[in-house]
> 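Questions regarding the structure given below will be posed in turn.
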Amino acid sequence: MMPAHGPDQGSSTPTGDRDRTDGAAGERGPARRSFLTALIAAPTLALATRIGADALAPQPAHAVVPSLPAPADLVDLGDLFIVAGAPTAHLLVLRVETDGIIHFRLPRTEVGQGLTTAVAMLVAEELDAPLDDVRIALEDARPELLFNQLTGSSNSIRSLYGPVRQTAATARARLVAAAARSWDLPARTLTTRDGAVHAPDGRSAPYGSLAEAAADPGLPVLPAAPKPADRHTLVGRPQNRIDARAMVTGRQQYTLDLDVPGAKPCVLRRPPTLGGTVRSVANLAAVRAMPGVLHVVTVRTGVAVVAETFGQALDARAALDVGWGPGPADALSDADIRSRLRAAAPPPLLPPLLTGHVDAEFDFAFVSHAPLETNCAVADVRSDRAEIWSGLKSPIVAKQTIAAELGLPADKVTVHVVQAGGSFGRRLFFDAALEAALVSKACGRPVRLMWTRIDDTRHGRMRPASHHHVRATYALGQVLSFQHRVASAETDFRHGLGEMLTATAASLPAGLGNATFAQTLFLTTVKSPYHFGLTTQSLTEVPTGIPTGSWRSVYSANTRGAEEIVVDELAARLGKDPVAFRREFLKNNAQRAVLDKVAAEGEWGRALPEGCAQGVGFHEEYESRTACLVEIDTRDPEHVRVTKAVIAADVGRPVNPRGLEAQLLGGLTDAISTTLRAGLHIDKGLPLEGSYSQFHYARQRDTPTDVRIFVMPASGEPGGAGELGVPAAVGAIANAYARATGTKPRSFPLDFDVDFTPYPR
Amino acid sequence: MPSHTFTVNGRSVTVDAPDDLPLLWVLRDLLGVRGPKYGCGVDVCKACTSHLDGADIRPCVVPVREAAGREVTTIEGLADGDTLHPVQEAWLEQDVAQCGFCQPGQIMAAVALLKRTSEPTDADLDAIANICRCGTYFRIREAIRSAAAKMR
Ligand code: FES
Ligand code: FES
């Protein structure tokens, strides 16, 4: 591996071999000599054992009408990621340097979810090394990793838990073997702790001193297996983020903080409607002559200005007089979208006479991902090669596409993955990286390209708007059927997921029939946790021409959120308390445990003033389950506030409970925002909202002053956690609102007035 | 091009820039001080929050001419060498940051608040309008309370 240079050390092109997690450039000196570079064969993952285990396990006898397992009970999308990643799991790269520092190159990205910390914990655990000795770098795009470099579907820990531990355990075995050979002692008599190998006679050798010897391919090494979980001393205990200090001191580097030599600020002027095209620029010469302006070039998505500072680029952008061509959705506004979605959802079957039924229709607006770091990238394109830096969750597809667009062979395009300021699904797409590459090529210089906030809100991707029709029938205290028809604006999954699903098609459970790609995703992510008799959930997609993308929890936030509202309404019809009703119809005790936890800790049923109420929601996905109890205060209709939240989660095996709590807190805030006030109005082909003053993502004043989060004890393998928190909280908040106001929440966000003057187009 | 002299994190600097160039871009693009983040450019998200003579400002809407002769402090200038400010310590203790992008601004806003009052009320905390898109608000609350208690 080549020596590392921090981006501010004056190397001509920063290499990708930087450690992002300490965030600060230039801290690492010249590369230390020699290390163990281990390309370690991890065994094929044991996967089959878990598929369907909970669905097929005998259930205690119930009076309820049982539901058959749904496809997502048998194989969920995350399982498919694991299957797809397994053949390349052995390509993980870990190395130990002579200074004892352990470097691991993570083929995923860090966007705030705490993954680098969790992975560092796994590595330190298996190597018996101090956590401080582990550095995690984000891996450049490596096409040979195939499907094993996509960050999404709450899958990183699920898919990496086995392979990372196996890789580190094998590295440990090599270090032990090296010490055994130098001391002429049997390897099995040696132990490891605190980053060193120890002999029974008291001798010890720090890992750094063994790094060279351990790299010897001729070394006899005992087979290695990861520790059993009951010997974990680090994994499973709350741990603070390894990058926290860099973040609180401002040293954490994001894409536009990198110092790529010669790279100049760049912004685009974008069309007045989504997907519009550039026809002409009337005042090109005048804008080129503005102070600080270096280049003005037209690319497919707009007119790019490159200048000495972003301030000057923004001024020039504003001065541009551009003639625009139409986009694919120019005529489209919210009302049309809503009626198209309503028309697309096939009506549920009529209930038989004499059974009671609950019938409810829901609408959810488009929602911006709105990560605080806007879409951005740095690109340095030369005639024979290119180098790109960006926060990318799908870097392999990015690399292949950018290479094709530039007309370069893929191996001449280096794509560095940079830690990002949030994603929520947005960074599955690499539009900023592609734009930066095209601009850099057009003006022949490196550029730092940034989307403005208004563009990020208006021209970014959105969670698709959806319409839901739920019909449940009941008789004699039992729920007999539960039908949920979803119609959603089409979700764009063209970021490598399609290839992955095709490659894993053989693992899909029977019964998916001719499901489309999106339906397959829907059916492998959405399931009902309740025994509600005959249960069907279906998706119809409606193409709209509006750019969309998965948003934290993909279909679940709306679909399961709506269902949790219906669950409360069913309980009321049957004269039951919402918690007692859920307890009765949930499928197993692990589910009931999280519900019981929030009911007890949140004092379910406690008296609250008029206009205030509690609400509860439950959700299960990706082998994890959670319940959420909130209290809401609606006494000021202008400022409805969730005042308290109690959350319990069982994720099978939490690697870092403190990080998990952070994810659940984030999911709660997402649910507060999208349920109460945050959405996008589409008006003649463009969102009206342009910034956080208009897209009302929650602020401090909108969030609870009392939050309690409980992580249930470990019980199995890690489940998914990144998206888990949203759907249960959506249900809890809507249910609390319903009880506090005596209304039936049906359209989200609940408070969706246009209370602002839109920015000009 | 006019030239402007002021102090950034204790260091005197002189830059040539148009009078109305926002301080944020002077810091980030001309001086390489990249702790203050762009999140909106219009004093809405508060991600760029820094201090001018000790009071919080949003440099995305402060023209560089207003900084002349004054003292600018960004997140990079808050710690005293390796010794963190108590608010930064509290941020570590509460493990506040997720993506971290808003946190320089959040911390600078909290420091400014604690200068104004040593016992912030719930209303004071609610008045911090900085967006955290990762939704870390509750930990921010806890961190400010903890820092306030330690600083008293
Ligand atoms: S960038 Fe200054 S307030 Fe948003
Ligand atoms: S930590 Fe990501 S925006 Fe606040």
Side-chain angles (χ1 to χ4, degrees), chain A residues 8 111-114 240-241 243-254 256-257 259 265 291-292 308-312 314 370-374 419-424 450 452-454 658-659 662-663 665-670 672-673 691-693 697-701 703-705 707, chain B residues 1 17-18 20-22 24-26 28-30 32-42 44-45 47 74-79 84-85 87-89 91-93 95-104 107 122-123 125-141:
Chain A
D8 64 351
V111 294
Q113 79 277 44
N240 286 3
R241 289 276 295 264
D243 42 7
R245 195 178 171 97
M247 285 174 171
V248 304
T249 52
R251 289 186 304 117
Q252 179 66 43
Q253 287 195 315
Y254 304 87
L256 294 177
D257 303 333
D259 246 323
E308 289 293 345
T309 66
F310 275 110
Q312 290 161 318
L314 288 165
L372 198 56
E373 180 195 30
T374 58
Q419 186 159 337
S423 168
F424 319 102
M450 179 182 86
T452 66
R453 170 60 55 194
I454 296 175
R658 197 152 205 209
Q663 286 297 290
L665 179 62
L668 170 71
T669 317
D670 281 359
I672 289 170
S673 303
S691 190
Y692 294 112
S693 53
Y697 192 81
R699 302 191 191 226
Q700 189 67 262
R701 70 192 286 269
T703 55
T705 54
V707 179
Chain B
M1 181 105 45
D20 58 352
L21 187 65
L24 179 63
W25 306 119
V26 171
R28 288 187 55 87
D29 297 343
L30 299 180
V33 177
R34 292 180 174 167
K37 302 294 184 239
Y38 168 91
C40 70
V42 291
V44 161
C45 75
T74 69
I75 187 71
E76 289 98 330
L78 192 58
L84 297 182
H85 187 282
V87 170
Q88 290 170 306
E89 285 290 355
W91 245 249
L92 295 185
E93 170 202 300
D95 203 34
V96 173
Q98 290 192 24
C99 81
F101 202 78
C102 73
Q103 302 298 349
I107 290 170
D122 267 330
L125 296 174
D126 282 352
I128 298 180
N130 295 53
I131 291 280
C132 175
R133 174 59 185 87
C134 298
T136 65
Y137 298 112
F138 182 66
R139 286 188 179 181
I140 289 174
R141 266 187 126 74

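Values below: every heavy atom of this structure, side chains too, minus hydrogens, waters and symmetry copies. Per chain, numbering begins at 1; letters A, B, ... match sequence-line order.
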> Using a 3.5 Å distance criterion without hydrogens, assess whether the side chain of R241(A) forms a donor-acceptor pair with backbone atoms of Q98(B).
yes

> Charged N to carboxylate O below 4.0 Å: is that the case for R28(B) and D257(A)?
yes

> Under 3.5 Å, is there a donor-acceptor pair between the side chain of Y697(A) and the main chain of R133(B)?
yes

> Apply ring pair (Phe, Tyr, Trp, His ring centres under 6.0 Å) to the pair Y38(B) and F310(A), showing each step before the final yes or no.
CA-CA 10 Å; Y38(B) 168 91; F310(A) 275 110; 7.7 Å; no

> Is V33(B) in contact with chain A via its backbone, its side chain, both, or neither, using a 4.5 Å heavy-atom distance?
neither

> Starting at CG of L21(B), measure out to CD of E308(A) and round the result to the nearest 0.5 Å.
11.0 Å

> Looking at L125(B), D95(B), N130(B), which one has more heavy-atom pairs under 4.5 Å with chain A than the rest?
D95(B)

> When heavy-atom pairs shorter than 4.5 Å are enumerated against chain A, which of E76(B), Q103(B), E93(B), R141(B) gives the highest number?
R141(B)

> Nearest 0.5 Å, what's the SG-CD distance between C102(B) and E373(A)?
12.5 Å

> Side chain, backbone, both or neither: which part of P36(B) has a non-hydrogen atom closer than 4.5 Å to chain A?
neither

> Taking all atoms of both residues into account, what is the closest heavy-atom pair of D29(B) and P265(A), and its distance?
OD2-CG, 3.8 Å

> Under 4.5 Å heavy-atom distance to chain B, tell me which part of V707(A) shows up: side chain, backbone, both or neither.
both

> At a 4.5 Å cut-off on heavy atoms, which part of A129(B) comes close to chain A: side chain, backbone, both, or neither?
both

> I'd like to verify something: which residue of G114(A), G292(A), A370(A) has the highest number of heavy-atom pairs under 4.5 Å with chain B?
A370(A)

> Can you tell whether the side chains of R701(A) and D122(B) come within less than 4.0 Å, N to carboxylate O?
no

> Got a donor-acceptor contact below 3.5 angstrom from the Y137(B) side chain to the A698(A) backbone?
yes

> Can a donor-acceptor pair be found, under 3.5 Å and without considering hydrogens, that links the side chain of Q88(B) to the backbone of V248(A)?
yes

> If you compare all heavy atoms of L665(A) against all heavy atoms of G135(B), which two are closest, and at what distance to 0.1 Å?
CG-O, 3.5 Å

> Please round to the nearest 0.5 Å and tell me the distance separating atom NZ of K37(B) and atom CD of Q252(A).
8.5 Å

> Please classify the contact between I107(B) and chain A as side chain, backbone, both or neither, with a heavy-atom cut-off of under 4.5 Å.
side chain

> Roughly how far, to the nearest 0.5 Å, is CZ of F138(B) from CG of L668(A)?
10.5 Å

> Find the one option among P104(B), A127(B), A97(B) whose heavy-atom pairs under 4.5 Å with chain A are most numerous.
A97(B)

> Give the member of Q312(A), M450(A), R453(A) that has the highest number of heavy-atom pairs under 4.5 Å with chain B.
R453(A)

> Taking all atoms of both residues into account, what is the closest heavy-atom pair of R245(A) and L84(B), and its distance?
NH1-CD1, 3.5 Å

> Non-hydrogen atoms of chain A under 4.5 Å away: do they reach the side chain of C132(B), the backbone, both or neither?
backbone

> Restricting to non-hydrogen atoms, name the atom on A47(B) and the atom on L372(A) that form the minimum distance, rounded to 0.1 Å.
CB-CD2, 4.2 Å

> Look up atom OG1 in T374(A) and atom CZ in F101(B), then write down how far apart they are to the nearest 0.5 Å.
6.5 Å

> So, do V96(B) and M247(A) sit near enough that their side-chain heavy atoms are less than 4.5 Å apart?
no

> Tell me, for L92(B) versus chain A, whether the close heavy atoms (under 4.5 Å) come from the side chain, the backbone, both or neither.
both

> For the interface with chain B, which of S693(A), G666(A), A662(A), S691(A) has the highest count of heavy-atom pairs at distances below 4.5 Å?
A662(A)

> Which atom pair, heavy atoms only, marks the closest approach of G250(A) to I75(B)?
CA-CG2, 3.6 Å

> Once rounded to the nearest 0.5 Å, what's the spacing between atom SG of C99(B) and atom CD of Q113(A)?
10.5 Å

